[in-house]
Amino acid sequence: MKKIGFTFLTIIGITSCTIKEEFTIQEDGKIKYTYNVDGAELQTYIPDQNDFFSTLDEQKKIVQAMEKGMTLEKFFTEIKNNDELLKSHNEAANKFLANNKTTYEKVKQHIIKVDFKTLNYSTELVSTNENMASESKLLNDFLFDFFNAIDNPFNSKYINNQKVITKNKVEIKIDKAAYEKLINDLSTQFGGESTYSSLFKYKLIIHTPQKITASSEYGSNFSLDQKTVEFNYTFSELIADEPKLINVTY
């Protein structure tokens, strides 16, 4: 894919509008975790949209596959077998994979999804409450480091909010320092700190197998069956006062 296609991937953690974390806790105790970045507003920054969409047509097969989602193993196989995907960045991609074989083997079964038309990026994994926090960090750090290695001038990082999940409780502690750094980096590059902190958003969605009995946050949005709760914040709200601690009991 031409450079503009992967430019979206490498800067999406920095310049998009909404970061979303979604937890689906299943009856058997397993947890599906989805990390999503909605970059719809980036479309206005694509310098040549005709060229961008013609590139998507040229690579229709891989574009459609990534919209549906694929394992990281399939994703990196496509990169190795198709020189047109990364063009001049192939050497950097291959070097990164060679230097990170151990981590790759641990994360290759997880899912990456990219919708280039709507500029939406997400990763998915299924784990246990004991391993979910470490596995989600390993997966997303690996991918962000990969995008940085191939062509990311902003050196963006996965924001790893602290996650503790037990059989009847979810606790999320917002990484205030990471959001402050993100805003500072954006304002250094482009100016307008107040714009980023007020317009950029964070969404947290938690699905539980039983009814939710308590939430620590005022203004929580519940589903009718009381098994789903949603929280929405601007970055300004995330960096105000002490680090935000969200507790949900079910």
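Proximity of Tyr158 to Val37: side-chain heavy atoms (C-beta onward) are nowhere separated by under 4.5 Å. Annotation: side chain of Gln26 is not in contact with side chain of Ile31 (no heavy-atom distance under 4.5 Å). Looking at Asn221 and Asn232, their side chains come closer than 4.5 Å, going by heavy atoms from C-beta outward. By the 4.5 Å heavy-atom criterion applied to side chains, Thr249 and Asn247 are not counted as neighbours. Side-chain contact between Lys201 and Lys20 is absent, with no heavy atoms from C-beta onward closer than 4.5 Å. Counting heavy atoms from C-beta on, the side chains of Leu72 and Leu139 come closer than 4.5 Å. For the pair Tyr250/Val229, no side-chain contact is recorded, criterion being any heavy-atom separation below 4.5 Å from C-beta on. Side-chain contact between Leu182 and Phe235: present, with at least one pair of heavy atoms (C-beta onward) separated by less than 4.5 Å.
Within 6.0 Å of CG on Asp241 lie no more than 12 heavy atoms contributed by other residues, nucleotides or ligands. Summarising the local packing, CD of Glu242 is surrounded by 12 or fewer heavy atoms from other residues, nucleotides or ligands at distances under 6.0 Å.
Looking at every heavy atom in both residues, Ala92 comes nearest to Ile150 through CB-CA, 4.3 Å. Minimum heavy-atom separation, Gly69 to Lys113: CA-CG, 3.3 Å. Minimum heavy-atom separation, Glu67 to Asp115: OE2-OD1, 3.8 Å. Looking at every heavy atom in both residues, Thr34 comes nearest to Ser122 through CG2-CB, 4.3 Å. Shortest non-hydrogen contact noted between Met132 and Ser127 is N-OG, 3.4 Å. Across all their heavy atoms, Tyr35 and Glu21 have their closest contact at CD1-CG, 4.1 Å.
A salt bridge links Lys74 with Glu78: at least one charged nitrogen is closer than 4.0 Å to a carboxylate oxygen.
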May I have the step-by-step check of side chain to side chain donor-acceptor pair (under 3.5 Å) for Asp225 and Ser223, ending in yes or no? CA-CA 5 Å; Asp225 64 4; Ser223 62; 2.6 Å; yes
When you look at Asp145 and Lys157, which way does the side chain to side chain contact (heavy atoms under 4.5 Å, CB included) test go after all the steps? CA-CA 7 Å; Asp145 287 345; Lys157 298 290 185 181; 3.3 Å; yes
Apply side chain to side chain contact (heavy atoms under 4.5 Å, CB included) to residues Phe146 and Asn100 and explain how you reach the verdict. CA-CA 10 Å; Phe146 168 69; Asn100 294 274; over 6 Å; no
Given Asn120 and Asn36, is the side chain to side chain donor-acceptor pair (under 3.5 Å) satisfied, shown in steps? CA-CA 7 Å; Asn120 195 287; Asn36 174 268; 2.6 Å; yes
What's the verdict on side chain to side chain contact (heavy atoms under 4.5 Å, CB included) for Ile112 and Met70, showing C-alpha distance, side-chain angles and the deciding distance? CA-CA 6 Å; Ile112 180 173; Met70 63 175 62; 4.2 Å; yes
What verdict does the side chain to side chain contact (heavy atoms under 4.5 Å, CB included) test give for Lys32 and Glu22, after you've listed the backbone C-alpha separation in whole Å, the side-chain angles of each residue and the deciding distance to 0.1 Å? CA-CA 8 Å; Lys32 179 181 177 182; Glu22 185 166 4; over 6 Å; no
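Two rings, from Phe142 and Phe76, have their centers less than 6.0 Å apart. Here Phe96 and Tyr104 keep their ring centres 6.0 angstrom or further from each other.
Rounding to the nearest 0.5 Å places CD1 of Ile239 at 4.0 Å from CD1 of Ile183. Atom-to-atom distance recorded for Glu237:CD and Lys244:NZ is 6.5 Å, nearest 0.5 angstrom. In this structure, NE2 on His207 lies 12.5 Å from NZ on Lys227, to the nearest 0.5 angstrom. Between atom OG1 of residue Thr103 and atom CG of residue Leu138 there is a gap of 5.5 Å, rounded to the nearest 0.5 Å. From Ile62, atom CD1 reaches atom NZ of Lys60 across 14.5 Å, with rounding to the nearest 0.5 Å. Separating the CD1 atom in Ile19 from the CD1 atom in Ile159 is a distance of 4.5 Å, to the nearest 0.5 Å.
Linking Ile, Leu, Val, Met, Phe, Trp and Tyr residues whenever their side-chain heavy atoms come within less than 4.5 Å leaves Leu245 and Leu204 in two separate clusters. Cluster annotation: Ile111 and Leu143 are assigned to distinct hydrophobic clusters (Ile/Leu/Val/Met/Phe/Trp/Tyr, side-chain heavy-atom contacts under 4.5 Å, transitive). There is a path of hydrophobic side-chain contacts, each under 4.5 Å, that joins Val107 to Leu97. The hydrophobic clustering, which links ILVMFWY residues whose side-chain heavy atoms are closer than 4.5 Å, places Val164 and Phe231 apart.
In this structure, Tyr33 and Phe23 have tilted ring planes: the angle between them lies in the 30° to 60° band. Ring geometry for Tyr202 versus Tyr233: interplanar angle under 30°, hence parallel rather than tilted (30 to 60°).
Between the side chains of Glu130 and Thr128, at least one donor N or O lies within less than 3.5 Å of an accepting N or O.
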